[in-house]
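All values below were derived from every heavy atom in this structure, side-chain atoms included, with hydrogens, water molecules and symmetry-related copies excluded. So that the names make sense, note that chain A is the first sequence line, chain B the second, and so on, each numbered from 1.
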There are 2 protein chains.
Amino acid sequence: MNRPVTLKDIARETGVHVSTVSRALDPNARTSLTREVVERIRTTAERMGYRPNRLASGLRTKRTMSIGLMIPDIENTLFPPIVRGAESVLEPAGYTSIIVNTDSDRKRETKLVDVLLERGVDGIIHAAPYRSDPRMVEVARRGLPMVTVNRQIENCDIPAVVNDDPGGIAMMLRYLHEKGHRRIAHIAGPKNLSTGRTRIEAFRATAQELHLDLPDEALVVSDYFDEQEGRRCTLQLLDSGTGFTAILCANDRLALGAFDALRRRGLSCPEDVSVTGYNGIPFLDLIPPGLTTIQIPQFDIGRIGAELLIKMMADPDVTIPRTTILPVKLVERGSVKRIDPA
Amino acid sequence: MNRPVTLKDIARETGVHVSTVSRALDPNARTSLTREVVERIRTTAERMGYRPNRLASGLRTKRTMSIGLMIPDIENTLFPPIVRGAESVLEPAGYTSIIVNTDSDRKRETKLVDVLLERGVDGIIHAAPYRSDPRMVEVARRGLPMVTVNRQIENCDIPAVVNDDPGGIAMMLRYLHEKGHRRIAHIAGPKNLSTGRTRIEAFRATAQELHLDLPDEALVVSDYFDEQEGRRCTLQLLDSGTGFTAILCANDRLALGAFDALRRRGLSCPEDVSVTGYNGIPFLDLIPPGLTTIQIPQFDIGRIGAELLIKMMADPDVTIPRTTILPVKLVERGSVKRIDPA
DNA sequence: TGAAATTGCGCAATCGATTGCACGAATACT
DNA sequence: AGTATTCGTGCAATCGATTGCGCAATTTCA
């Protein structure tokens, strides 16, 4: 493996000191050099195929131009668009992102934060925090720029970019109401996630506003945002004996699980039960009967999160709003049937 | 931001030299230290919350314990499982991966390789190379451990982990034949990708074996492995006037596009035309009529690729087979109808 | 018991880039 | 013309960890 070209090599070649080379190659050099020298150094650097060693410069400057991107699981289709959104601003700014999968496991998360810290990331975007997350709060307090996206950590001042969940849930519930549904069940998300909590609260509030009857059995809380839990909760609803004409699910994967549970019980959607989701993950339009859902701006969540982070890294004292709320919209597909309000 | 603990801090605390601390913390130290000293250093390191600075050690040792993972696009559901497979072995081995999206763009790829090299990755896993890729070959020849997975670069000795594409295509074509299909069209993948070329060759060879009539019009080559191209090629097939009862697509996304094109023309699958895919990406089971496809071992592709890479990084002279071929299997779903061989 | 071998640890250089400081030369100013 | 600035570049320290070498202390062996 032939040794990469270093500043020293260029210095020897051009007959100047290595520090001069460094300055010549620094786009925003504070010391002025002769135009001629800069030119000569730049061209030989080019010719020799010089590539700066990020390790060395990072060691010296304490800036690695890399950031950590923590997500629950890259296989969950909710997250890749967020990643691309974040990279759409990070990459042009010269940052490289290190993506880690937490698997929503606190122990893993702790370990992964250490990994990121060891690698000297300049900041962290966390797309999967729990509502309470002392470790992340501590790291942020120590001074590492950090933002959370999609979800947020409570009781701290880490900037968060989230969706308008109250608005989205209210919109969806009103939509079901307009479609004639009166007995509406809710499969809520995990209580230890901000999205889980916010959505269930919004559901309750809106249900009350609409004067909907909401028996305890019509509201089940899932342990995870996945299909399996969607199935389990739907079966629980079905078995509880509580009557309902629609299920509002706290996210799409729960809704997909609901589809499956209904099918297993010989019920059809939307004929027997209407179902709605939340997030608007890919492929939903191809899966019958087409899940009516709330589309969140996945790409923008990542993009804006990264923009905020870049601001924070540029100026540690900049004030960033505690939460940035992004608008959502309702996407109508086939999983909701208009019924006659009995 | 309080300064991280360094070896020097521990040295001062324990009253020994920094080099002794370094050796005490090195699991496979070649110099022997007193058990007592090691113990004392280890506990104070623990107590002080020492985390090694990877930049510094990487600078000195030329090993960063990070690898580059090049994929076309993380939003393409084919790749996240490959990523997880790779990380399932990299992470336990202490490696961190830097994932970059090439968008199948050669210019971007060149830039991204440089990014990875600047970061001093110890090796690269490329999941999206073109058949010909001089830049990657050059980097590999310079001595950087590299493997390609899923696809391979031709005319070079970079180890590749690929699927049994000839076997898979043959299996699928025989399957269609058994189901009574005789006039079978093929939507091939891009010619500049090894998977595109290998599959079309396998198709041709197997078609000949089965004595199938294969007019030129029954074979269209796509420019990209995506739904849009699947649509375009299907419409082209339909418009060509060549008769066919089934379309064997070179991958799932092309097949999904075929579904759509047939629907637009008022044709139904599998009633009017049978369609098959390749890869076995997620969600296929939920999309009617259920795509019959060849399931490739996505996770294992990543896992084995990473295992090979780790071997290469451990010993630059180790001999790795030029290609490792992984078995595939046929997954029967609803998109193929048995017909009466006219 | 004395020389030789071994053990345990410190010293200092090193990886590559950055940057405060200093110094000589060129320019400006009075 | 002589001094004060400014300019362009070199010098050397530094970031944090690693490692070859060497030295003193201890152990081994004849």
Handout entry: Minimum-distance nucleotide (side-chain atoms of V18(B) versus dT19(C), dT18(D), dG10(C))
Key = dT18(D)
Exercise for the section: Check every strand shown and say whether V21(B) touches a base, only sugar-phosphate, or nothing at a heavy-atom separation below 4.0 Å. Expected result: nothing
Completion exercise
Rounded to whole Å, the CZ-C1' distance (R23(B) to dG20(D)) equals 9 Å
Fill in the blank from the handout: R60(A) atom CZ is separated from dA12(D) atom C1', nearest whole Å, by 11 Å
Exercise for the section: Would you mind telling me which of dC9(C), dT9(D), dA17(D) lies closest to the side-chain atoms of L33(B)? Expected result: dC9(C)
Fill in the blank from the handout: What one should report as the nearest heavy-atom pair of S88(B) and R303(B) is OG-CG, 4.0 Å
Fill in the blank from the handout: Of E36(B) and A56(B), the one whose closest nucleotide on DNA chain C sits nearer the 5' end is E36(B)
Handout entry: Q152(A) to S194(A) - nearest heavy-atom pair and separation
Key = N-OG, 2.9 Å
Practice task
To the nearest Å, give me how far apart CG (L55(A)) and P (dT18(C)) are.
Solution key: 12 Å
Problem - Short side-chain N/O contact from T20(A) to OP1 or OP2 of dG10(D), under 4.0 Å - result: yes
Handout entry: Base dC11(C) to side chain S19(B), donor-acceptor N/O within 3.5 Å cut-off
Key = yes
Handout entry: Sidechain N-carboxylate O distance under 4.0 Å for R23(A), D26(A)
Key = no
Exercise for the section: Kindly point out which of dT18(D), dT18(C), dA17(D) is positioned nearest to the side chain of T61(B)? Expected result: dT18(D)
Exercise for the section: Whole angstrom is fine here: how far is it from OH in Y50(A) over to P in dA17(C)? Expected result: 4 Å
Problem - K62(B) vs dT18(D): side-chain N/O to OP1/OP2 distance below 4.0 Å - result: no
Exercise for the section: Return the value, rounded to whole Å, for the distance between atom NZ of K8(B) and atom P of dA17(D). Expected result: 10 Å
Completion exercise
Whole-Å distance, I41(B) CD1 to dG8(C) P, equals 13 Å
Exercise for the section: Using a cut-off of strictly less than 4.0 Å, decide whether H17(A) has a side-chain nitrogen or oxygen near OP1 or OP2 of dT9(D). Expected result: no
Problem - Closest to the L7(A) side chain, choosing from dG16(D), dT18(C), dT19(D) - result: dT18(C)
Completion exercise
Taken to the nearest whole Å, CZ/R51(B) to P/dG16(D) is 17 Å
Exercise for the section: Establish, with yes or no, whether the OP1 or OP2 oxygen of dC9(C) is under 4.0 angstrom from a side-chain nitrogen or oxygen of T34(B). Expected result: yes
Exercise for the section: May I ask you to check whether over 12 heavy atoms, not counting those of E46(B), lie within 6.0 Å of atom CD? Expected result: no
Exercise for the section: State whether the side chain of R54(B) and the backbone N or O of T64(B) hold a donor-acceptor pair below 3.5 Å, judged by distance alone. Expected result: no
Problem - Rounded distance in Å - CG (D9(B)) to C1' (dC15(D)) - result: 13 Å
Problem - Contact under 4.0 Å: S22(B) side-chain N or O vs dG16(D) OP1/OP2 - result: no
